[in-house]
S.K.: 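This is the structure, below, for whatever I ask next.
What you see below is based on every heavy atom in this structure, not just the backbone, and it leaves out hydrogens, waters and symmetry mates. Note that ligands are numbered from 1 as they come in the structure, with each ligand's atoms numbered from 1 the same way.
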Amino acid sequence: MARTNSTAVPHHVAIVMDGNGRWATRRFLPRIAGHQQGVGALNRCVQACMARGIGVLTVFAFSSENWNRPAEEVSGLMELLALSLAREVPSLKANGVQLHFVGERQQLSDKVRAGLTQAEAATAENSRLVLNVCFNYGGRWDIAQAARKLVASGEEITEMALDRALSLAHVPDPDLLIRTGGELRISNFLLWQAAYSELHFSDKLWPDFDDAALDEAIAFYASRERRFGKTSGQITPGTPQTTVKAA
Ligand code: IPE
Ligand code: IPE
Ligand code: MG
């Protein structure tokens, strides 16, 4: 039998937290109520990740394209970010979480920008869990900003140099990428870093994503054989192989 990751808990889990709007609409609530519930789900998920020994959690909170939503929803999300920073940072700090905000900050208000910088500084010494919150983030934005940096510095554009210039250079690539909400797409998340991530799609809407759903995703991960381009036989000696003859 092919060897799997059965004993391995993923070190880095990335999540597209999708389905907040539908969660609210199904309850005849405004969409922002779903986003508020989503913050609670994220808090629970952070706790669950720490309890399972996951080292890095990267979540997609607001995409470069989410500006195209109705103005009321966008401003509601900006307010929710400011409010959540004030409410959640003290306990994240106390729990050993190191916070990073990943994305273009130029378009954010001065108040929000200052809040992000303060939250990062307040938690910089923590090391139990690295939490990357991707806000005003897009995989294409990240690759373009990294390329611009290299051009400005005159450095040669190689895979390694690009990797170092990307906004998630402080963590290894995600082992497991989860998307909630039932859609089978990436929506411009971690285009570079997810090259070899295991992909798990959950039908649960993000506010309903609980410990059992996380465990299901981890069990899925554990059942995969990660080959990184090699053959099964190279990964697990003893696996039956057909000999490839040169033509
Ligand atoms: C994800 O939930 C959160 C953000 C994109 C900000 P959605 O708001 O996309 O929820 P659905 O997909 O409309 O249900
Ligand atoms: C992806 O969800 C972005 C976040 C979860 C922040 P979307 O709801 O924006 O993705 P699409 O539009 O359905 O692809
Ligand atoms: Mg959505």
S.K.: Donor-acceptor pair, distance only, cut-off 3.5 Å: does the side chain of Ser202 make one with the backbone of Lys204?
M.R.: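 Checking the backbone N and O of Lys204 against the side chain of Ser202, a donor-acceptor pair under 3.5 Å is found.
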S.K.: Say whether, by atom type as modelled, one donor and one acceptor occur between the side chain of Lys149 and the main chain of Ala165 under 3.5 angstrom.
M.R.: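 Yes; at least one donor-acceptor contact below 3.5 Å.
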S.K.: For residues 166-179, pull every pair meeting side chain to side chain donor-acceptor pair (under 3.5 Å), keeping only residues two or more places apart or in separate chains.
M.R.: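 Residue pairs passing side chain to side chain donor-acceptor pair (under 3.5 Å), neighbours aside: Asp18-Arg179, Asn132-His170, Asp142-Ser167, Asp175-Arg226, Arg179-Ser187.
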S.K.: Which atoms of ligand 1 sit under 4.0 Å from any heavy atom of Arg31?
M.R.: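 Under 4.0 Å from Arg31, ligand 1 has these atoms: 7 (P), 8 (O), 10 (O), 13 (O).
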S.K.: Do other residues, nucleotides or ligands put more than 12 heavy atoms under 6.0 Å from the CD atom of Glu72?
M.R.: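 Result for CD/Glu72: open.
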S.K.: Just by distance, with hydrogens left out, do Glu73 and His35 show a side-chain donor and acceptor under 3.5 Å apart?
M.R.: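 Glu73 vs His35: donor-acceptor pair found between side chains.
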S.K.: Do Arg164 and Glu159 sit within salt-bridge range, that is, some charged N less than 4.0 Å from a carboxylate O?
M.R.: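 Result for this pair is no, no salt bridge flagged.
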S.K.: Check each N or O atom of ligand 2 against all protein N or O atoms and list the pairs under 3.5 Å, with atom names and distances to 0.1 Å, one per line.
M.R.:
| from | atom 1 | to | atom 2 | distance (Å) |
| --- | --- | --- | --- | --- |
| ligand 2 | 8 (O) | Asp18 | OD1 | 3.1 |
| ligand 2 | 8 (O) | Arg69 | NH2 | 3.1 |
| ligand 2 | 9 (O) | Asn66 | ND2 | 3.0 |
| ligand 2 | 9 (O) | Arg69 | NH2 | 3.4 |
| ligand 2 | 10 (O) | Arg179 | NH2 | 3.3 |
| ligand 2 | 10 (O) | Ser187 | OG | 3.4 |
| ligand 2 | 13 (O) | Arg185 | NH2 | 2.8 |
| ligand 2 | 14 (O) | Arg185 | NE | 2.8 |
| ligand 2 | 14 (O) | Ser187 | OG | 2.6 |

S.K.: So, Glu104 and Arg148, do they make that salt bridge, N to O below 4.0 Å?
M.R.: no
S.K.: Please list all pairs passing the ring-ring contact (aromatic ring centres under 6.0 Å, His included) test where one or both residues lie in residues 101-120, with sequence neighbours left out.
M.R.: none
S.K.: Taking atom types as modelled and ignoring hydrogens, do the side chains of Glu198 and His200 form a donor-acceptor contact shorter than 3.5 angstrom?
M.R.: no
S.K.: Which residues and atoms, counting only protein N, O or S, are under 2.8 Å from the Mg ion (ligand 3)?
M.R.: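 Metal shell, protein only: Asp18 OD1.
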S.K.: Look only at the side chain of Thr180 and the backbone of Leu205, and say whether a donor-acceptor pair between them is shorter than 3.5 Å.
M.R.: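 Here the side-chain-to-backbone pair does not exist.
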